[in-house]
2 protein chains.
Amino acid sequence: MSNSEVVELSAPRDGDVVPCCPPITAGELSRADAEKMAAMFKALSDPVRLRLFSKIASHPGGEACVCDIADVGVSQPTVSHHLKKLREAGLLTSERRGTWVYYRVAPSVVAAMAAMLELRG
Amino acid sequence: MSNSEVVELSAPRDGDVVPCCPPITAGELSRADAEKMAAMFKALSDPVRLRLFSKIASHPGGEACVCDIADVGVSQPTVSHHLKKLREAGLLTSERRGTWVYYRVAPSVVAAMAAMLELRG
DNA sequence: CTCTTGCTTCGATGTCTGTCGATACCGTCC
DNA sequence: GGACGGTATCGACAGACATCGAAGCAAGAG
């Protein structure tokens, strides 16, 4: 039932602040915000995606081409599929340069998730 | 690599630091760590669970009984199912006091997720 | 003890998702 | 041009998941 409305999470630029969701301790999430944030968490809810993401995030220069990170134990189409999901969730951006496609982390979106998880302290 | 076995996620105490996973920028995740973290993110990857979680986190006193938060648009058994998942992921702890069951956030586990998302370039 | 209320567990069901091989696409090099 | 290597899409399928109603349990009231 919930698949009718797909959130448009078209690749935020580096530097934008995602206009979503104060710390969870600040009050309960609206249904819409919950769906947006859940989509982001869902993107990181798979071990393969998490490893791809960490490989990119920890790669020198903050970016990596698919060939650098594809060794995660699944087939190439599956890697591509997962990268697409991360991109659609706004967590990664991609850019083709010549033969290779480079991925990098979208800091603002990750920051939004981290901010949401800040408990008062 | 980091730590050994399935964390006994029964009830981390309030000041514990979960021994898992430095910031993603620090290096790529091991397969085992990726699975552990993915399980936590997966727990928050559902809008209903996210709303339940935020209701508890933002509830006065830091805890809430099921009856306080059950109004999220799904049946009561479904609420219970989701709370169980959050509990199994280590994000919530529960305690029965008389008639009611109280849930509260496990701060250390949430902090571990937040820490992992710190990008601080 | 019996009834009621709050919560959990069980069983069934329809949908979503991770995975693969095959194939199409896109740049580069010869 | 054609061949080739790096990525993306497609189609199929098994396993996982969210959801519900019904039934089970626990604790308090009468």
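Throughout, a chain's letter reflects where its sequence line sits, starting with A, and its residues are numbered from 1.
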Exercise for review: Answer with base, sugar-phosphate or nothing: what part of the nucleic acid does A:Tyr102 contact at a heavy-atom distance below 4.0 Å?
Suggested key: nothing
Practice item. Verify the cluster assignment for B:Tyr102 and A:Ile24: are they in a single hydrophobic cluster under the rule of side-chain heavy atoms below 4.5 Å apart? Key: no
**Study point:** 4.5 Å side-chain heavy-atom contact, B:Phe41 and B:Met113
**Key:** yes
Practice item. Would you kindly give the CD-to-P distance between A:Glu88 and C:dG18, to the nearest whole Å? Key: 12 Å
Review point. B:Lys84 has a side chain; which of C:dT9, C:dG18, D:dC17 sits nearest to it?
Key: C:dT9
Study note, to complete from the structure: The correct set of residues in residues 67-83 of chain A placing a heavy atom under 4.0 Å from DNA chain C is A:Val74, A:Ser75, A:Pro77, A:Thr78, A:His81, A:His82
Revision key, fill the gap. In numerical order, the residues of residues 94-101 of chain B whose heavy atoms come under 4.0 Å of DNA chain C are B:Thr99, B:Trp100, B:Val101
**Study point:** Phosphate contact (C:dG18 OP1 or OP2) by A:Lys85 side-chain N/O below 4.0 Å
**Key:** yes
Donor-acceptor pairs under 3.5 angstrom involving side-chain atoms of residues 68-76 of chain B: please list them, not counting sequence neighbours.
{"from": "B:Asp68", "atom 1": "OD2", "to": "B:Cys65", "atom 2": "N", "distance (Å)": "3.4"}
{"from": "B:Ser75", "atom 1": "OG", "to": "B:Thr78", "atom 2": "N", "distance (Å)": "3.4"}
{"from": "B:Ser75", "atom 1": "OG", "to": "B:Thr78", "atom 2": "OG1", "distance (Å)": "3.0"}

Point to revise | For B:Arg49, side chain to side chain donor-acceptor pair (under 3.5 Å) partners two or more places apart | key: B:His82
Point to revise | Sequence-distant partners of B:Glu28, salt bridge (Lys or Arg N to Asp or Glu O under 4.0 Å), two or more places apart | key: A:Lys55
Check your understanding: Considering residues at least two apart in sequence or located in another chain, which fulfil the side-chain contact (heavy atoms from CB on, under 4.5 Å) criterion with B:Ala38?
Key -> A:Pro47, A:Leu50
Review point. By salt bridge (Lys or Arg N to Asp or Glu O under 4.0 Å), which residues pair with B:Glu35, not counting sequence neighbours?
Key: none
Check your understanding: Quick one: is B:Lys42 getting a side-chain N or O under 4.0 Å of the D:dC17 phosphate, OP1 or OP2?
Key -> yes
Check your understanding: Just how far, in rounded Å, is C1' of C:dC7 from CG of B:Leu52?
Key -> 14 Å
Check your understanding: What integer distance in Å separates B:Leu86:CG from C:dC7:P?
Key -> 16 Å
**Study point:** Sequence-distant partners of A:His81, side chain to side chain donor-acceptor pair (under 3.5 Å), two or more places apart
**Key:** none
Check your understanding: Whole-Å distance between C:dG18 C1' and A:Arg49 CZ?
Key -> 8 Å
Practice item. Is it possible for you to say whether B:Met116 and A:Val48 belong to one hydrophobic cluster, with membership spreading through side-chain heavy-atom contacts below 4.5 Å? Key: yes
